[in-house]
Amino acid sequence: MVYYGLRGGSYDIVPRQEEALAIWWILGLAFAFGLLPRSRPRAGVWVPFIALLLLALWTAISLNWTQSDERTLAELARFLHYAGLLLLIWALIDRTTWRAAAAGLVTGAVGICAIALASRLWPSAFPTDYVVTNFKVNRLSYPFNYWNAVGAFAAMSIAMALVWSAHARMLPIRVAALAAVPMCGATAYLTYSRAAVIGSALAIVLVFVLSHNRWVALVHAVAGGIGTGLAILAIRSHHQIADATGNAGALGLLLVILAGCAIAASAACVTWLLRGDERWRMRARPARIVAAAAVVLVVVLVPTAGHAEISKGWHSFKKQPNQTSTDPAARLANLNGNRYFIWRSAIRAFKKHPIEGTGSGTFEFWWSSTGGGEFLRDAHSLYLEEFAEQGLFGGVLILVFVLGLVVVALRARRLLPPADAGLQAALLAAFGVYLFHAGVDWMWESTTVTVLALSAIAVAAASVSFPTRRRAGLPARVALVAVAAVAFLIQLPGLSSTLSTRDSQSAFDKGDVAKAISDANNAIAEEPWAASPYVQRALAEESEGHLAAARDDLLSAEHREPTNYQHPLLLARVQAELGNTKAALANFRRAKQLRPRSEFVGPET
């Protein structure tokens, strides 16, 4: 988890495809030499796994009609990355080792939150947070380079730490787990993410619902909340840290946060000494009555009593953000934003292309051409994005995948003894929080967040797998090695081409145009269907005055991504430099048509 997280959340294509290469290399060698499988999972786990493979296959088929082979292949590589991760876990983790794997996930997640918080307290000790520097925001983004991703990760960490604090078999582990909650809560707060607030609240609900020691978990949630509240009050009194303008008072703030952690830790000691696991039980019938009453309260009374507030929130949700307060936490009091408009656009894309979709990874082009103002690449919802980009088949498959994972984990839970079912709740709760965040933001593309979620639910499903030392049969091993080889090879073109393109950009920045063109040639040879290398070579050629060659390369890029407004916009400039006025104007109008609200094409004239 720490490795994935500290590589910018592994969002970038280079680290994530390097990681995918490592996973499939391990799988290929391990199956070839009979080192795997060491676990025999129950048959149900293959339903979501097959759904993910079918989604990858559908993505490969969509290369026949996608608006960008380059981007669609990158998404295919992402699907295979996640599939390899699941296969590795299910081939390795069993009912004797899943607790250690779960403990590792909790530890890694809490460790990432600690690193994120420390980066705000002592920013000089960490790499420059370019999100804060370049975009002039005060929201905690390190190490994922996106505040909502850090917030989602912190909410998932809260869920896991709370459950372990109520179910771990040893007191020191319970104390450490609950002590981590205020620290994770402070991390989530500094992102100023509304989704993180909702995700943290959802985490507490899921912890209570899924736990075996519910009342202990509830007491721990209250204690963790008190510790988190103390930390937040201290952060708000340290304006430089809250606003990301400095770190004055960092040591004092750290002591207050540690005091909040100590308050939470003391609650774990108290519930242990009072033997809450054994004594704080409610009989089955009263428990069912309380549960039924809670459902009625949520389903009936809350919408009725809160109708006015719900209506107000809905109207706020449909408004663009208008942040005027100097308080960075002021945005937590409203729902203003752009999600409504993005999601509505995704729904329109699905209605326009209900079967084939626009092509995986191409929502940006649809958004730009249909009047989207701001720059964005994703639909900010895994579910809506898959329906928009992959059509009905892709949308249904992603739902089968995520819901299938939940089902197999819940089935495993029924076979576990109560104590283990309690520990497994940490993994289920974390995945439940992720499903919310994936529905309201681009967490699927934030690799570390998704890897934590998929690892958690995969380990939960593996909690009832049987250990085995029997080698797979030769035909199965050959088939698995072949699959690993194909998955491995799919990662290579985009990775190699991206590295060569960036080498070209670096050489160009240093004034070495000849090397820039040579590296761009390599990038084109490594991924000839991609548009980006052609654009890079065209820019280098343009700088040398080779305008005809630059025009040809931009035409090649436009052929590979016909709905990307950037290519005709660059073509308009090159055609103007060549003196082809009519062609320049035609390309400019084409760019304007593909992104009518872009600041680069000017107002309507």
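Since we're looking at a predicted model, the values are computed, not measured.
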Exercise for the section: Can you label the angle between the Trp442 ring and the Tyr11 ring as parallel, tilted or perpendicular, going by 30° and 60°? Expected result: tilted
Practice task
Indicate yes or no for a side-chain donor-acceptor contact from His81 to the backbone of Ala77 under 3.5 Å, with no hydrogens or angles considered.
Solution key: no
Handout entry: Salt bridge present between Glu445 and Arg78 (N-O < 4.0 angstrom)
Key = no
Practice task
Would you kindly say whether Thr66 and Ser62 are connected by a side-chain donor-acceptor distance under 3.5 Å?
Solution key: no
Practice task
Assess whether atom CZ of Arg344 is packed by more than 12 heavy atoms of other residues, nucleotides or ligands within 6.0 Å.
Solution key: yes
Practice task
Return yes if a side-chain donor-acceptor contact under 3.5 Å exists between Tyr189 and Arg236, otherwise no.
Solution key: yes
Handout entry: Reported CG-to-CH2 distance for the pair Leu427 and Trp164, which is rounded to 0.5 angstrom
Key = 8.0 Å
Practice task
Measure from the side-chain N and O atoms of Arg411 to the backbone N and O of Val45, and report whether any donor-acceptor pair falls under 3.5 Å.
Solution key: no
Problem - Donor-acceptor contact below 3.5 Å, side chain Ser446 vs main chain Met443 - result: no
Exercise for the section: Tell me yes or no: between the side chains of Ser465 and Trp90, is some donor less than 3.5 Å from an acceptor? Expected result: no
Practice task
Answer yes if the side chains of Thr447 and Ser10 hold a donor-acceptor pair under 3.5 Å, and no otherwise.
Solution key: no
Problem - Electrostatic pair Asp420:Arg99 at N-O distance under 4.0 angstrom - result: yes
Handout entry: Criterion salt bridge (Lys or Arg N to Asp or Glu O under 4.0 Å) on Asp441 and Arg194, from CA distance to verdict
Key = CA-CA 11 Å; Asp441 215 330; Arg194 291 168 293 195; over 6 Å; no
Exercise for the section: Considering only NZ, NE, NH1 and NH2 on the basic side and carboxylate oxygens on the acidic side, decide whether Glu19 and Arg16 come within less than 4.0 Å. Expected result: no
Exercise for the section: Give a yes or no on whether the ring-centroid distance for Trp444 and Tyr383 is below 6.0 angstrom. Expected result: no
Fill in the blank from the handout: Shortest non-hydrogen pair, Phe363 vs Ser345, comes out as CZ-OG, 4.0 Å
